[in-house]
Amino acid sequence: MISVTLPDGSVNEYASGITAGEIVIDIEGRKHDCVAALVDGEQKDFSAPLDSDCSVEGISVFTDEGIYILRHSAAHLLAQAVTSIYPNAKPTIGPAIDRGFYYDFADLEDFGESELKAVQKKMHEFSRRNLAVERVECSESELNELFSSNPYKIEIINDKLEAGEGSTIYRQGEWYDLCLGPHVHSTAKLMHVRLTSVSSAFWRGDQSREQLTRIYGIVEPNKDTLKATMSAIEEAKKRDHRKLGKDLQLFHVDEDVGQGLILWTPRGAIIRSCLQDFISEHLTRQGYHQVYTPHIGKLDLYRKSGHFPYYQDSQYPPLVEKDMMARLANEGCSCGELSNMMAEGDIEGYMLKPMNCPHHIKIYSSQARSYRDLPLRLAEFGTVYRWEQSGEISGLTRVRGFTQDDAHLFVTEDQIANEVLGCIELVQVIFEALGMNDYRVRVGLRDPDSTKYVGDSGKWDLAEEACRAAASSLGVNWSEEPGEAAFYGPKIDFVVKDVIGREWQLGTVQVDYNLPERFELQYKGSDGEMHRPVMIHRAPFGSMERFCGVLIEHFAGRFPTWLAPTQVHVLTISEKQVEYGQEITSKLKAAGIRADLDDGDDTIGKKIRMHRKFQPAYMLILGDDETDNNTVSIRARNGDQRAGVPYDAFIDELLEEINSKRATPTLVPPKEE
RNA sequence: GCCACCAUGGCUUAGCGGUAUAGCACCUCAUUGGUAAUGAGGAGGUCGCGAGUUCAAUUCUCGCUGGUGGCUCCA
């Protein structure tokens, strides 16, 4: 007999050799929702036999651990289905991920979305057959034998296992895979599975290795959760900023202009400029100076900053004077030679700026500086250009030309902590005003074992401590990430998720010892000696493009009144109200409110339908009642109404709402009942 | 950059080896209508671009451009 401690703390006696699954049934009953067991804190299959005293509890499929086991098992089922249809395909790896699972296959060429259906059908078939999933211990030689036709598995065996060490496989029906488990005990648990997409991946994430075919899928415990997940995916697609950007006419990307180059259309430009105004107010309050610098600079400048030629691949090619180009061409200079000569500094040219810092540095050094000038905070909405890989460009979130809400702070060493804190506060103010609470903070620290960092370690300790202190003052989740610092200093990054779960780095605050060194920046200290300032780079939004993209999805296009491209749409019921409508609209505009008038001859139902797509904060409906009494009828986005409001009262309330930058429109109180 | 898929009037979309649907938007006329589509008529496309195959290509092939999903990258 063995003594087993149950989750409620009680201890039961069982016959030695009982399986973990049998105990889970004993605890949870036959109708439990568990996929595996936790034995002494370790995940085990239901089939695991127990022969000594231990604690046991079930792992519910509705926990993070449980759903991961389900997904992992679904990945196995996928590989079983694929290999049964395509016997030549070689499974490589197939893990569970946050949103489902995938499996990578070698030798599965020409496999596209249209092939998914047959595979999914096969998975359902295997699931319906209720195949037992068995764990089998194997010796090294058995493993080599079993996977002899799959070099990828052999590579894993050779890499992960010590010589002479065995491992386990999981078998379901005829099929088996190298795996540590645990897994669900039967394929029947995997009925609610859907394959979602096909893409490619490199073996072990290495671009120089084989290209594999990756199949993605989702799996859910039951029909209802599957349905919920599928509709959540649909909902997310509706919020996609690329779709909303088109529907709401916020921005346009034109292939004749170029990939990843954003054309801000009038409605989107309003959002951007409101945000910029908002930031500018804070800049003034915090003692920043706004500056303007050009979009290009000499190659030499970027040689000095270290951007060229080191980051050449992610920059637009340099601009070279045309007479020089002609001369070189006449001399038979090849592109490769040209590139070398530019790298060596034999040819001067200009570059689209990939960062604003060199320009700001030149503003710093345009005058002799003393400690009394510090901290000197230079801010600019500076547009930079980077040659992102073509496959990576997407909507507003990954582009080739973007405007950073950039600033560089030139500070003394003992000002670092305070100034970093000031930067963080700005980020927080902005995120709070926009109701963006779902972000995480990464503090990038240096890797203690690496020597790639500039600056002495005492300074680094202070700067890292300043970053830590600043991050913890935020009151949100933050993590230290050793090795994630830039080579020139520690940093704090703000990361948010978009609707399809992709994470985007937005704001960043970085301490930099490197550039002041490279540019030999100086200031005269109170001691009369020359000292080197430290720079802080910071961009609370990151880039206007990316931030607006995330913001569109955050609000699902329903912007707060202060940001809405049009705040009020005035709709007349019949032509009797045209004059009144025009009067109201011009009064709104005179008050600085963004208003739009529709005095056409559509019915009011039609007008509401048409104007809804632009998501104004409010629509005003004007009929005889309103005209006769100098009032307006307010319609909120959700259809709620508030009739008989005197229009000057409406304007006052609206202005109050705009000026307070409320995150949600509140002029129409929700209906009672 | 790599793999797969995709590209038809402003938007959504049908279709096919013989120059093309429909809805919405737009314009005109009628209608003067109270909170998610009033009716009728009209205009608008060399089917992303460039080659090739063919008597004939929007439809087949190749290249390019752009997009989507991923991978890789991201100072």
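Naming convention: chains lettered A, B, ... in sequence-line order (proteins, then strands); numbering from 1 in each chain. All values below were derived from every heavy atom in this structure, side-chain atoms included, with hydrogens, water molecules and symmetry-related copies excluded.
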Which whole-number value in Å describes the distance from [X] [atom1] to [N] [atom2]?
X	N	atom1	atom2	result
A/D104	B/G70	CG	C1'	10 Å
A/I621	B/G33	CD1	P	16 Å
A/L195	B/A4	CG	C1'	15 Å
A/L116	B/A4	CG	C1'	10 Å
A/Y103	B/C71	OH	P	18 Å
A/Q505	B/C73	CD	P	16 Å
A/K607	B/G33	NZ	C1'	9 Å
A/I393	B/C73	CD1	C1'	12 Å

When you measure from the side chain of [X] to the backbone N and O of [Y], does any donor-acceptor pair fall under 3.5 Å?
X	Y	answer
A/D405	A/F541	yes
A/E380	A/N356	no
A/T572	A/G581	no

Please report the distance separating the [atom1] of [N] from the corresponding atom of [M], rounded so that it comes out in whole Å.
N	M	atom1	value
B/U35	B/C6	C1'	40 Å
B/A36	B/G41	C1'	26 Å
B/G9	B/U59	P	15 Å
B/G52	B/A14	P	31 Å
B/C16	B/U21	C1'	11 Å
B/A43	B/C73	C1'	49 Å
B/U54	B/G1	P	33 Å
B/U12	B/G17	C1'	27 Å

A/M355 or A/D247, whichever maps to the more 5' nucleotide of RNA chain B: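 Nearest nucleotide further toward 5': that of A/D247.
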Pairwise 5' ranking along RNA chain B for A/R400 and A/G600, keeping only the more 5' one: A/R400
Which part of the nucleic acid, if any, lies within reach of [X] when heavy atoms closer than 4.0 Å are counted: base, sugar-phosphate only, or nothing?
X	value
A/M619	nothing
A/S633	base
A/Y216	sugar-phosphate
A/D206	nothing
A/Q315	base
A/R214	sugar-phosphate
A/G623	base
A/E626	base
A/G205	sugar-phosphate

As a test of reading the structure: which of [options] is closest to the side chain of [X], going by heavy atoms?
X	options	value
A/K576	B/U35, B/C71, B/G33	B/G33
A/E575	B/C71, B/G33, B/U32	B/U32
A/D601	B/G67, B/U31, B/G1	B/U31
A/F202	B/U35, B/G1, B/G33	B/G1
A/R609	B/A37, B/U35, B/C2	B/A37
A/K246	B/C11, B/U35, B/G67	B/C11
A/S200	B/C2, B/U68, B/U38	B/C2
A/I573	B/U68, B/G33, B/A36	B/G33
A/S574	B/U32, B/C2, B/A36	B/U32

Pi-cation contact, A/F555 with A/R558 (under 6.0 Å, within 45°): no
Cationic tip of A/R214 above A/Y102 ring, under 6.0 Å, 45° of axis: yes
Beyond-backbone contact of A/S390 with A/R400, side-chain heavy atoms, under 4.5 angstrom: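 A/S390 reaches A/R400 side chain to side chain.
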Beyond-backbone contact of A/W203 with A/T92, side-chain heavy atoms, under 4.5 angstrom: yes
Dot-bracket encoding per residue of RNA chain B, Watson-Crick/G-U cut-off under 3.5 Å, | denoting interstrand: (((((((..(((.........))).(((((.......))))).....(((((.......))))))))))))....
Classify the ring geometry between [X] and [Y] as parallel (under 30°), tilted (30 to 60°) or perpendicular (over 60°).
X	Y	answer
A/H537	A/H408	perpendicular
A/H569	A/F614	tilted
A/H295	A/Y385	tilted

Below 3.5 Å between N/O atoms, which protein atoms pair up with nucleotides 22-25 of chain B? Just atom names and distances, please.
{"unit_1": "B/A25", "atom_1": "OP1", "unit_2": "A/K606", "atom_2": "NZ", "d": "3.1"}

Taking atom types as modelled and ignoring hydrogens, do the side chains of [X] and [Y] form a donor-acceptor contact shorter than 3.5 angstrom?
X	Y	answer
A/D300	A/Y350	no
A/E220	A/T229	yes
A/E657	A/T561	yes

[N] phosphate, OP1 or OP2, under 4.0 Å from [X] side-chain N/O:
X	N	result
A/S197	B/G70	no
A/R204	B/C71	no
A/S390	B/G1	yes
A/R242	B/G69	yes

Over all atoms of both residues, closest heavy-atom pair of A/G306 and A/Y311: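 Where A/G306 meets A/Y311 most closely, the heavy atoms are O-CD1, 4.2 Å.
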CA sep, side-chain torsions, deciding dist, call: A/D107, A/K90, salt bridge (Lys or Arg N to Asp or Glu O under 4.0 Å): CA-CA 6 Å; A/D107 300 320; A/K90 296 183 180 58; 2.8 Å; yes
RNA chain B contacts among residues 253-261 of chain A, heavy-atom distance under 4.0 Å: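 Residues of residues 253-261 of chain A under 4.0 Å from RNA chain B: A/E255, A/Q259.
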A/R442 bridged to A/E484 by N-O distance under 4.0 Å: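 Not counted as a salt bridge, because no side-chain N and carboxylate O are separated by less than 4.0 Å.
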